[in-house]
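Residue numbers start from 1 in every chain, and the chains themselves are labelled A, B, ... in the order their sequence lines are given, proteins ahead of strands.
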Number of protein chains: 2
Amino acid sequence: MQHYGEYIRALREAKNMTLREVEKLADVSNAYLSQLESGKVKQPSPLTLHKLSEIYGVSYDLLMEKVGYPTPERKENVKSESGKTSIAYRIGHISDDEELELLNYLKFIRTRKK
Amino acid sequence: MQHYGEYIRALREAKNMTLREVEKLADVSNAYLSQLESGKVKQPSPLTLHKLSEIYGVSYDLLMEKVGYPTPERKENVKSESGKTSIAYRIGHISDDEELELLNYLKFIRTRKK
DNA sequence: AAATATCGCTTGCAATATCAAGCAATGATT
DNA sequence: AATCATTGCTTGATATTGCAAGCGATATTT
C-alpha cells in the first residue's frame, strides 16, 4: 500500500515501544525506523520486515503484502484461536483504514491511565 | 545461498531461453539478468524473483529461499476469509474490556462517515 | 565474403536502502 | 532551576538495485 508506514507505526505504538527499543531488538537503526514510519522508504528489505513482524507479532506475509511485494499464493478459510471465538469473528470483515483506526484506539485505551 | 546465480541460469538454460527473451517476458533488463546469473547481485527484489519464478515455473518461495530471504513460515496463524491475517492475531491478546471498547469504537467509526 | 542480427556481457548512472552522528524538544533527576 | 537522559527526527555517506547504452564474439542472411 502507499502509507504502510502509518500502519507500522501503529503496531509499535500499540505495544508502547520506542524507536530505540525496536532498534535494539531488530538490529535496525532508529533513524531508518523513523523513515520507515514516516513514509520515506519505498521498499524495505524482506529481512527487515521479517524482524519487525516477529517483534510486533504480525505475520511476515502481512508486512510483505502491506509493502507491496508479491506474496505467495495462499488461501485458507476462517480460523479461530485456541478455544474461544476470536474477535475477528464477531467483528466480521474490517477494512485497512478501520484496522488502522482500531490499532490507534487500542494504543489510546492502553496508555489512558498512566 | 551464495551460488543462486548459477541456479537461476540453469533454470533459464533448461528452458533454452536467451537473456533477451526473459528480458521481454519479465520486463527485467538483460544486463541485470546477466549480473544476476553471474553472482554480481546480492539481493534482487522480491518482485523480480516473482517474475522469474513464473517464467521458469518454480515456486516464488523457492527463489526467495535460494537468495537468502526469510521464507514465510507457513504456520497456523489466524486467517480470515479474505486470506488476510485477522486483526486479533495482529493485535495479540486483548482483554474482554478492550474488546468491548474496540467493538464500540468500530461501531462509532462506521456510523460516523456519511 | 560482407553485412546484419543476436548473443552474453561490461560500464557508467540514477534511485534507493540503511547507517552513524548529530539535532531540538521533552522528561526525569538532583 | 539546572543538569542529564530519552524521544523522534534530519542529514550526509556508503552500498546496492536495476537500467540504457554500448562492446566484442558468434551466428545468420544476402
Side-chain angles (χ1 to χ4, degrees), chain A residues 1-56 60 63-70 100 103-104 107-108 110-114, chain B residues 1-56 60 63-70:
Chain A
M1 299 301 175
Q2 53 264 41
H3 52 295
Y4 69 88
E6 292 177 30
Y7 178 74
I8 290 183
R9 168 160 293 166
L11 286 176
R12 177 175 61 86
E13 291 180 339
K15 293 218 161 199
N16 281 325
M17 300 179 75
T18 72
L19 291 177
R20 280 178 174 81
E21 282 182 274
V22 178
E23 161 176 295
K24 281 167 193 139
L25 289 181
D27 202 39
V28 172
S29 75
N30 70 79
Y32 189 60
L33 291 171
S34 174
Q35 294 171 216
L36 255 188
E37 296 182 355
S38 57
K40 287 164 190 161
V41 174
K42 326 230 163 171
Q43 305 263 82
S45 88
L47 179 57
T48 299
L49 294 181
H50 183 75
K51 290 171 182 169
L52 293 183
S53 77
E54 289 191 327
I55 290 171
Y56 297 145
Y60 176 42
L63 291 190
M64 294 283 282
E65 180 185 327
K66 287 273 183 190
V67 162
Y69 287 138
L100 184 60
L103 281 171
N104 278 322
K107 174 195 73 178
F108 165 67
R110 280 182 173 169
T111 57
R112 195 163 43 190
K113 40 209 72 163
K114 274 251 170 97
Chain B
M1 291 292 217
Q2 58 256 46
H3 302 92
Y4 74 87
E6 296 177 16
Y7 177 74
I8 291 183
R9 169 161 292 167
L11 286 177
R12 178 174 60 87
E13 291 179 341
K15 292 217 160 199
N16 280 325
M17 301 178 77
T18 73
L19 291 178
R20 282 179 173 81
E21 280 181 277
V22 179
E23 161 176 296
K24 280 165 193 142
L25 289 181
D27 201 39
V28 172
S29 75
N30 70 78
Y32 188 61
L33 291 171
S34 174
Q35 294 170 217
L36 255 188
E37 296 182 354
S38 57
K40 286 163 191 162
V41 174
K42 324 228 164 174
Q43 305 262 81
S45 89
L47 179 57
T48 299
L49 293 181
H50 183 75
K51 290 171 181 169
L52 293 184
S53 77
E54 288 190 329
I55 291 170
Y56 297 146
Y60 176 40
L63 290 191
M64 294 284 282
E65 184 183 333
K66 286 275 182 189
V67 162
Y69 286 137

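Note on Thr18(B): only backbone sugar-phosphate atoms sit closer than 4.0 angstrom, heavy atoms only; bases stay farther off. Contacts of Ser38(B) with the nucleic acid, taken as non-hydrogen atoms under 4.0 Å apart, are absent.
Counting only heavy atoms from C-beta outward, the side chains of Leu63(B) and Leu11(B) approach each other to under 4.5 Å. Residues Glu37(A) and Leu19(A) meet the side-chain proximity criterion, which asks for heavy atoms closer than 4.5 Å. Between Met64(B) and Met64(A) the shortest side-chain heavy-atom distance falls below 4.5 Å. At least one side-chain heavy atom of Leu52(B) sits under 4.5 Å from a side-chain heavy atom of Leu33(B). Counting heavy atoms from C-beta outward, Val28(A) and Leu36(A) have side chains that stay 4.5 Å or more apart. In this structure, Tyr4(A) and Val41(A) have side chains that are in contact, with non-hydrogen atoms separated by less than 4.5 Å.
The nearest whole Å value for the distance from the CG atom in Leu33(B) to the P atom in dA20(D) is 12 Å. Regarding Tyr32(B), its OH atom lies at a distance of 23 Å from the P atom of dG22(D), rounded to whole Å. When rounded to the nearest whole Å, the span between CG of Leu36(B) and P of dG18(D) equals 8 Å. Atom CG of Leu49(B) is separated from atom P of dG18(D) by 8 Å (rounded to the nearest Å). Separating the CG atom of Leu19(B) from the P atom of dT26(D) is a distance of 17 Å, rounded to the nearest angstrom.
Phosphate proximity of dC9(D) to Lys40(A): absent, as no side-chain N or O sits under 4.0 Å from OP1 or OP2. Checking the phosphate oxygens (OP1, OP2) of dG18(D), a side-chain nitrogen or oxygen of Thr48(B) falls inside 4.0 Å. Taking 4.0 angstrom as the limit, Arg9(A) places none of its side-chain polar atoms (N or O) nearer than this to OP1 or OP2 of dG8(D).
Comparing Gln43(B) and Arg20(B) by the nucleotide of DNA chain D that holds the closest heavy atom to each, the one mapping nearer the 5' end is Gln43(B). For Asn30(B) and Val41(B), each mapped to the nucleotide of DNA chain D holding its nearest heavy atom, the one lying further toward the 5' end belongs to Val41(B).
Between Arg12(A) and Met17(A) the shortest heavy-atom distance is NH1-O, 2.9 Å. Pairing each heavy atom of Tyr32(B) with each of Thr48(B), the nearest pair is CE2-CG2, 4.4 Å. Closest approach of Pro46(A) to Tyr60(A), counting heavy atoms only: CB-OH, 3.3 Å.
Comparing atom distances between the Gln35(A) side chain and each of dC19(D), dT11(D), dG18(D) picks out dT11(D) as nearest.
Remark: DNA chain C takes part in the stems C:1-30 with D:1-30, each of 3 or more antiparallel Watson-Crick or G-U pairs, criterion distances under 3.5 Å.
For DNA chain C, the span of nucleotides reached by chain B at under 4.0 Å from its heavy atoms goes, 5' to 3', from dC7(C) to dT11(C).
If you check distances only, the side chain of Glu37(A) never reaches the base of dC9(D) with a donor-acceptor pair under 3.5 Å.
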